[in-house]
Amino acid sequence: MNPAAVHLALNNFPPIIDFAALVVFGIGIVWKSHTILRVALALLVLASLIAIPVFLTGEPTEEMVEELEGVNAVAIHPHEEAAEWAAWLLGAQGVAALLALIVYRSRDLPRWAVTIVMILAVVATVAVFRTANLGGRIHHPEAQMAR
């Protein structure tokens, strides 16, 4: 598999897993279940880990596709800039979620820890969906129609 294939195969996982984690997080908060909150934290860590190969294959993918016919080369730079922000936010989200899992593995998660991770997750999820939207504009004309 070349970098572009890896990039395309994995790039939808971080937004979908992050969104699912937010739903699970909400259920955990409503049901007051620390087990469900821990599942949400694990999903946030997973999304952050999958984002690593997605981000690392972005630059090689750009080199492969920027000159291809049908590629909107102008759309690459905004996607790349958004990806950098999303990568940092997903990294912060993953670290915070992992720390919460490690530190509070044998006791209840404090409300402040849940709040911090939830805020990071919401911001990271928005950033990663924006990045995905901008990435779709590179070679998906149907995504460009949604302006």
Side-chain angles (χ1 to χ4, degrees), residues 1-62 64-65 71-72 74-147:
M1 263 178 120
N2 66 32
V6 172
H7 191 74
L8 291 172
L10 297 179
N11 68 10
N12 289 312
F13 284 99
I16 292 168
I17 294 172
D18 251 27
F19 182 76
L22 288 176
V23 171
V24 172
F25 229 126
I27 292 168
I29 290 170
V30 169
W31 290 356
K32 297 179 180 165
S33 170
H34 290 280
T35 301
I36 294 175
L37 288 174
R38 284 184 174 84
V39 169
L41 292 170
L43 287 170
L44 293 172
V45 172
L46 178 63
S48 299
L49 290 173
I50 293 173
I52 294 169
V54 172
F55 183 75
L56 293 177
T57 56
E59 191 69 34
T61 300
E62 176 186 1
M64 293 175 72
V65 303
V71 169
N72 180 0
V74 175
I76 294 174
H77 184 71
H79 172 65
E80 186 176 11
E81 293 291 315
E84 288 177 16
W85 277 100
W88 281 106
L89 290 166
L90 284 166
Q93 160 195 289
V95 168
L98 184 60
L99 286 174
L101 282 169
I102 292 169
V103 173
Y104 298 104
R105 71 187 141 149
S106 62
R107 48 197 157 133
D108 290 345
L109 295 164
R111 182 171 284 163
W112 64 266
V114 171
T115 302
I116 288 172
V117 174
M118 182 69 131
I119 290 168
L120 278 170
V122 167
V123 173
T125 301
V126 169
V128 78
F129 267 96
R130 179 175 180 269
T131 301
N133 181 45
L134 292 171
R137 293 178 181 182
I138 294 170
H139 196 36
H140 292 281
E142 68 278 12
Q144 295 175 30
M145 294 169 49
R147 290 183 186 197

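Because the structure is predicted, anything quoted here is derived from the model rather than measured.
- You'll find the side chain of Met118 reaches within 4.5 Å of the side chain of Ile29, heavy atoms only.
- Separating the CD1 atom in Ile116 from the CG atom in Leu99 is a distance of 10.5 Å, to the nearest 0.5 Å.
- With contacts defined as side-chain heavy-atom distances shorter than 4.5 Å, the pair Asn2/Val6 does not qualify.
- Remark: the backbone N or O of Val117 is not paired with any side-chain donor or acceptor of Gln93 at under 3.5 angstrom.
- Counting heavy atoms of neighbouring residues, nucleotides and ligands inside a 6.0 Å radius, atom CZ of Phe129 exceeds 12 of them.
- A 4.5 Å side-chain heavy-atom check between Arg137 and His79 finds every atom pair outside the cut-off.
- Contact record, Ala75 with Pro78: O-CD, 3.4 Å, taken as the closest heavy-atom pair.
- Between Pro3 and Thr57, the closest heavy-atom pair is O-CB, 3.5 Å.
- A donor-acceptor pair under 3.5 Å is absent between the side-chain atoms of Ser33 and the main chain of Gly28, judged by distance alone.
- Here the CG-CE distance, from Leu8 to Met1, works out to 8.5 Å after rounding to the nearest 0.5 Å.
- Side-chain contact check for Phe25 versus Leu44: some heavy-atom pair is nearer than 4.5 Å.
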Should His139 and Val65 be marked as a side chain to side chain contact (heavy atoms under 4.5 Å, CB included) after you check the CA-CA gap, both sets of side-chain angles, and the distance that decides it? CA-CA 9 Å; His139 196 36; Val65 303; over 6 Å; no
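- Under the 3.5 Å distance criterion, with hydrogens and angles disregarded, no donor-acceptor pair is assigned to the side chains of Thr61 and His7.
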Arg130 and Trp85: side chain to side chain contact (heavy atoms under 4.5 Å, CB included), yes or no, with the steps? CA-CA 10 Å; Arg130 179 175 180 269; Trp85 277 100; over 6 Å; no
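- A donor-acceptor pair under 3.5 Å links the side-chain atoms of Arg38 to the main chain of Tyr104, judged by distance alone.
- Under the 4.5 Å side-chain criterion, counting only non-hydrogen atoms from C-beta, Leu41 is in contact with Leu109.
- Considering all non-hydrogen atoms of both residues, Leu22 and Val122 come closest at CD2-CG2, 3.9 Å.
- The closest side-chain heavy-atom distance from Asp18 to Leu90 is below 4.5 Å.
- Interatomic distance, Ile17 CD1 to Phe19 CZ, rounded to the nearest 0.5 Å: 13.5 Å.
- From Thr125, atom OG1 reaches atom CG of Leu120 across 10.0 Å, with rounding to the nearest 0.5 Å.
- Scanning all heavy atoms of the two residues, the minimum distance from Pro15 to Val128 falls at CA-CG1, 3.6 Å.
- Contact annotation: the side chain of Glu59 approaches that of Glu80 to within less than 4.5 Å [non-hydrogen atoms, C-beta and beyond].
- Residues Leu89 and Ala127 share a closest heavy-atom pair of CD1-CB, 3.6 Å.
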